[in-house]
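Working notes, beginning with the structure itself.
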Amino acid sequence: MQKKLIIFTDSGDTIIDEGTEIRNDEGIVVHAELIPGAGETLKALYDAGYVIAMVADGEEQSFTNVYEENGLGYCFHTRTISEIVGIQKPSERMFIDAMEKNHLTEEDKKRVVMIGNNVRKDVAGANRFGITSILIDWSPRYDMNPADEWETPDYTVHEPKELLALIESLEAELQKDGNE
């Protein structure tokens with residue numbers, strides 16, 4: 001069955017452990033390890049038939065290096081990267097770019113979730129754009145306390161493997177709503 005839910009996801013401290021990044025002289029990430037369980041979760045979501053779009057701040061070459069190294073580049077249907085778009089999240093231009101690349105319309109927003117680790121960028125950006133926000137609060141690197149309602153996530157998970165049940169639950173809701 002075709003999945004209705006569309007997954008937008010950040011990369012750093014959402015899939016990749018930023019604490020393991022090794023950068024070259026130009027500041028490009030040449031090596032990084034995955035958060036425990038993130039690779040298996042990403043593969044499982046891809047294998048289940050979900051459209052997964054990277055929506056991340058950083059350099060295109062860094063993402064290419066890290067996902068080739070970890071064998072997960074194929075999991076992303078599209079990539080929206082701040083270096084290419086010219087602005088970082090929470091700018092709506094990042095989300096508009098991802099919508100356009102995946103041929104999604106305003107009507108499709110109710111089917112889109114954004115998974116990220118930063119309440120000020122990922123969560124606030126998703127909430128202002130009108131899509132569902134999921135915070136993965138795995139990393140101690142960022143303040144996870146929302147400053148206002150825009151920074152308050154719709155859902156919070158503590159580690160990547162918790163995403164599977166949440167995503168399946170959200171998909172079931174969409175399938176149910178579509179059959180009424």
Side-chain angles (χ1 to χ4, degrees), residues 1-17 32-58 60 63-64 66-82 84-85 89-90 92 94-118 121-123 125-139 153-180:
M1 177 173 11
Q2 176 67 35
K3 300 295 186 183
K4 291 188 174 190
L5 193 72
I6 308 292
I7 300 169
F8 289 2
T9 185
D10 185 39
S11 177
D13 283 349
T14 302
I15 300 169
I16 300 296
D17 181 348
E33 295 171 16
L34 299 169
I35 292 171
E40 298 82 356
T41 300
L42 187 62
K43 284 182 202 167
L45 292 169
Y46 175 85
D47 290 343
Y50 289 99
V51 170
I52 304 170
M54 180 190 299
V55 181
D57 294 332
E60 184 176 32
F63 296 117
T64 298
V66 168
Y67 287 100
E68 280 183 11
E69 171 189 19
N70 287 290
L72 295 171
Y74 71 92
C75 292
F76 300 103
H77 290 76
T78 62
R79 295 181 187 197
T80 291
I81 299 170
S82 63
I84 306 300
V85 177
K89 294 172 291 178
E92 75 171 6
M94 290 288 286
F95 299 96
I96 290 169
D97 184 83
M99 294 285 286
E100 289 174 350
K101 283 180 177 165
N102 288 284
H103 311 289
L104 301 171
T105 65
E106 187 74 21
E107 178 67 19
D108 292 314
K109 282 184 177 181
K110 66 181 177 288
R111 301 190 304 126
V112 179
V113 299
M114 173 67 198
I115 303 166
N117 69 308
N118 190 310
K121 291 178 158 223
D122 303 308
V123 173
N127 288 342
R128 284 193 174 104
F129 191 64
I131 60 177
T132 300
S133 58
I134 302 172
L135 175 67
I136 181 163
D137 68 359
W138 175 87
S139 172
D154 294 312
Y155 301 93
T156 301
V157 297
H158 308 293
E159 55 187 348
K161 66 183 180 185
E162 292 176 38
L163 286 167
L164 293 172
L166 175 57
I167 295 295
E168 287 298 329
S169 170
L170 295 171
E171 173 67 19
E173 288 280 315
L174 283 172
Q175 293 286 352
K176 186 182 84 175
D177 290 348
N179 293 330
E180 290 178 357

Nearest non-hydrogen partners of Asp10 and Gly116, listed with the distance | CB-CA, 3.9 Å
Of all heavy-atom pairs between Ala98 and Val55, which one has the smallest distance, and what is that distance?
-> CB-CG2, 3.7 Å
Rounded distance [0.5 Å steps], [atom1] in [X] versus [atom2] in [Y]:
X: Met99; Y: Thr105; atom1: CE; atom2: OG1; result: 6.0 Å
X: Thr64; Y: Glu69; atom1: OG1; atom2: CD; result: 12.5 Å
X: Ile96; Y: Glu106; atom1: CD1; atom2: CD; result: 9.0 Å
X: Ile131; Y: Asp154; atom1: CD1; atom2: CG; result: 9.5 Å
X: Leu34; Y: Thr14; atom1: CG; atom2: OG1; result: 12.0 Å
X: Leu135; Y: Asn118; atom1: CG; atom2: CG; result: 8.5 Å

I would like to know whether Val113 and Leu170 meet side-chain contact (heavy atoms from CB on, under 4.5 Å); could you show each step before the answer?
-> CA-CA 9 Å; Val113 299; Leu170 295 171; 3.9 Å; yes
Crowded around Glu159 CD? As in, over 12 foreign heavy atoms under 6.0 Å?
-> yes
Could you tell me whether Lys161 atom NZ has more than 12 heavy atoms of other residues or ligands within 6.0 Å of it?
-> no
Test item: [X] side-chain N/O and [Y] main-chain N/O as donor-acceptor pair under 3.5 Å:
X: His77; Y: Ile52; value: yes
X: Asn70; Y: Ala32; value: yes
X: Glu171; Y: Ile167; value: no
X: Ser169; Y: Ala165; value: no
X: Asp137; Y: Thr156; value: no
X: Arg111; Y: Lys4; value: yes
X: Asp17; Y: Ile35; value: no
X: Ser82; Y: Gly58; value: yes
X: Asp97; Y: Met94; value: no

Could you tell me which residues satisfy ring pair (Phe, Tyr, Trp, His ring centres under 6.0 Å) with Phe95, sequence neighbours excluded, listed by chain and number?
-> Phe129
With sequence neighbours left out, what residues match Tyr67 under ring pair (Phe, Tyr, Trp, His ring centres under 6.0 Å)?
-> Phe76
Can you check side-chain contact (heavy atoms from CB on, under 4.5 Å) on Glu33 and Ile16, steps first, answer last?
-> CA-CA 6 Å; Glu33 295 171 16; Ile16 300 296; over 6 Å; no
Any side-chain heavy-atom pair of [X] and [Y] under 4.5 Å:
X: Lys43; Y: Leu72; value: yes
X: Met114; Y: Ile134; value: no
X: Ile115; Y: Phe8; value: no
X: Ile136; Y: Pro160; value: yes
X: Val51; Y: Ile7; value: no

With a 3.5 Å cut-off and no angle check, do the side chains of Glu168 and Tyr50 form a donor-acceptor pair?
-> yes
Going by distance alone, is a donor N or O of one side chain under 3.5 Å from an acceptor N or O of the other, for Asn127 and Ser133?
-> yes
Yes or no on side-chain contact (heavy atoms from CB on, under 4.5 Å) for Val157 and Leu166, after CA distance, side-chain angles and deciding distance?
-> CA-CA 9 Å; Val157 297; Leu166 175 57; 4.0 Å; yes
Go through the steps for Asp122 and Lys89 under the test side-chain contact (heavy atoms from CB on, under 4.5 Å), then give the verdict.
-> CA-CA 7 Å; Asp122 303 308; Lys89 294 172 291 178; 2.4 Å; yes
Are the charged groups of Lys110 and Asp177 less than 4.0 angstrom apart, N to O?
-> no
